[in-house]
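To keep things clear, I will list the structure first and then write my remarks on it.
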Amino acid sequence: MNKKIILDCDPGHDDAVAIMLAAASKELEILGITCVGGNVGLDNTVNNALKVCTLIERTDLKIYSGASKPIHYDLFTAEYVHGKTGLDKKGDPIIISSDYKVEDQNAIDFIVDTCKSSTDQIYLCPTGPLTNIALSLQKNPSIKEKIKEIVFMGGAAMCLGNTTPSAEFNIFVDPHAANIVLGSGIPITMMGLDVTHQVNVNKTIINSINENNNKSSKFFGELMDFYTIFHKKLYETEDTPLHDPCVIAYLLDPSIFTGKLVNVVVEENSELTRGATIVDWLGVTNRNPNCHVMNYANDKKFFALLKNKLSTLP
Ligand code: RIB
Ligand code: CA
């Protein structure tokens with residue numbers, strides 16, 4: 001049975017790959033793609049989602065614009081990783097057709113209305129700051145009954161942060177939203193840096209995927225060529241973590257990952273540790289387990305899946 005999903009994202013090079021992987025998977029029914037301010041400002045994340053869906057010839061997918069900033073903090077963006085547009089790359093620019101536009105309905109209203117009216121349970125797949133998800137839960141808490149699972153990219157259980165020494169970007173940007181989601185009682189799976197740093201793209205993988213010999217795989221390569229620049233400098237390695245597609249790969253083949261059900265809460269205000277995910281891996285607190293934290297990925301299975309799926313796109 002198809003999984004019905006809403007992909008909430010801040011494209012972003014790795015978000016773009018998550019969109020491509022989801023769009024290539026008949027096992028998933030994408031009810032909509034909602035965008036949030038994150039890697040870059042909201043206008044650019046929306047525009048980038050339109051670009052990706054145009055490139056893969058999926059302009060049937062509806063794009064919704066959501067929160068332009070976190071619940072309390074000002075927006076912190078990552079042009080230093082993704083470039084000025086948020087999807088900088090070499091190669092031909094993507095021209096969005098004039099009749100493919102962002103939907104009029106706001107992303108939060110779309111999420112609430114879609115959950116309320118759905119006869120099936122829905123998977124929410126956030127790969128950016130959790131602002132849209134949190135605002136949807138605040139707007140209508142009863143939608144919890146219609147949400148099967150929230151699988152999100154964010155956080156860091158036992159490894160360094162990538163935005164501050166203690167915080168991963170998505171959670172750093174909106175820690176208040178993260179705690180609203182983590183406190184919702186909905187089944188949650190966390191794809192944090194612990195596991196996404198085991199799924200590293202490099203030249204060998206880019207060349208292998210290019211053997212698909214289609215425009216979507218070529219686009220993947222162009223995206224990765226830009227996306228790896230920052231990571232090579234920061235981590236001094238040729239390997240670059242492909243964070244966001246882990247969310248979609250988990251829905252397609254959960255056996256790629258393993259983890260543990262533990263308690264996770266987020267530091268909201270500290271000057272030093274804002275956005276830190278406090279993961280009680282050893283169960284030393286009396287806080288209830290609320291999140292399935294992944295800490296192992298079979299990267300060979302992941303990239304075999306990604307290459308196969310990208311080969312089915314135009
Ligand atoms: O920390 C990595 C995450 O932050 C990814 O989702 C990336 O796209 C950015 O949103
Ligand atoms: Ca993202």
Side-chain angles (χ1 to χ4, degrees), residues 5-22 33-42 44-49 51-52 63 66-70 73 75-83 85-89 107 124-133 150-157 159-175 177-178 181 189-201 220 223-224 226-231 234-235 239-250 266 274-277 293-294 297:
I5 75 166
I6 293 173
L7 176 50
D8 184 75
C9 53
D10 62 335
H13 292 69
D14 53 331
D15 303 76
V17 181
I19 292 172
M20 293 165 81
L21 182 55
I33 296 174
T34 52
C35 296
V36 65
N39 282 317
V40 286
L42 179 62
N44 271 331
T45 60
V46 168
N47 204 40
N48 292 336
K51 278 185 190 171
V52 175
I63 312 296
S68 58
K69 67 174 287 298
Y73 290 124
L75 181 62
F76 175 85
T77 52
E79 285 84 355
Y80 56 89
V81 179
H82 299 277
T85 69
L87 208 63
D88 283 22
K89 69 175 187 70
L124 298 187
C125 306
T127 61
L130 292 164
T131 318
N132 286 345
I133 310 299
I150 296 174
V151 187
F152 77 93
M153 192 280 137
C159 66
L160 287 175
N162 60 3
T163 303
T164 71
S166 53
E168 175 279 327
F169 178 83
N170 289 333
I171 310 302
F172 175 80
V173 170
D174 199 341
V181 172
T189 297
M190 170 174 139
M191 292 287 164
L193 298 181
D194 314 83
V195 74
T196 64
H197 274 258
Q198 297 174 33
V199 178
N200 290 302
V201 72
F220 170 82
L223 289 176
M224 293 302 104
F226 183 91
Y227 177 60
T228 52
I229 297 168
F230 164 77
H231 291 85
L234 181 66
Y235 296 104
D239 287 347
T240 296
L242 203 41
H243 306 289
D244 294 338
C246 287
V247 167
I248 304 303
Y250 172 79
V266 174
R274 161 190 158 178
T277 40
V293 175
M294 295 294 120

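Counting starts at 1 for both ligands and their atoms, following the listed order.
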Determine yes or no for a side-chain-to-main-chain donor-acceptor pair under 3.5 angstrom, with [X] supplying the side chain and [Y] the backbone.
X      : Y      : value
Asn132 : Ala67  : yes
Asp10  : Val36  : no
Thr127 : Met153 : no
Asn162 : Phe169 : yes
Ser68  : Gly37  : no
Asn170 : Gly154 : no
Asn48  : Thr85  : yes
Asp244 : Asp15  : yes

Does Asn39 reach ligand 1 with a nitrogen or oxygen that is under 3.5 Å from one of the ligand's nitrogen or oxygen atoms?
yes

Heavy-atom contacts with [X] under 4.0 Å: which atoms of ligand 1 show up? List them by number with element.
X      : result
Asp15  : 8 (O)
Glu168 : 1 (O), 2 (C), 3 (C), 4 (O)
His243 : 2 (C)
Met153 : 2 (C), 3 (C), 5 (C), 6 (O)
Asn170 : 3 (C), 4 (O), 5 (C), 6 (O), 9 (C), 10 (O)
Phe169 : 1 (O), 4 (O), 9 (C), 10 (O)
Asn162 : 1 (O), 2 (C)

Relative to atom 8 (O) of ligand 1, which among Asp14, Leu193, Val36 owns the nearest non-hydrogen atom?
Asp14

Where does the angle between the aromatic ring planes of Tyr227 and His243 fall among parallel (under 30°), tilted (30 to 60°) and perpendicular (over 60°)?
perpendicular

Is it true that His197 and Tyr235 have ring centroids separated by less than 6.0 Å?
yes

Classify the contact between Thr127 and ligand 1 as side chain, backbone, both or neither, using a heavy-atom distance cut-off of under 4.0 Å.
backbone

Heavy-atom distances under 4.0 Å are what count here, so tell me which part of Thr163 touches ligand 1: side chain, backbone, both or neither.
neither

Looking at every non-hydrogen atom in both residues, tell me the closest pair between Ile19 and Pro11 and how far apart they are.
CD1-CG, 4.3 Å

Check Leu130 against Ala178 and note the closest heavy-atom contact, atom names and distance.
CD1-CA, 3.7 Å

Give me the nearest non-hydrogen protein atom to atom 6 (O) of ligand 1 as residue plus atom name, then the distance to 0.1 Å.
Asp244 OD1, 2.5 Å

Please list, in chain and residue-number order, the protein N/O/S atoms closer than 3.0 Å to the Ca ion (ligand 2).
Asp10 OD1, Asp15 OD1, Asp15 OD2, Thr127 O, Asp244 OD2

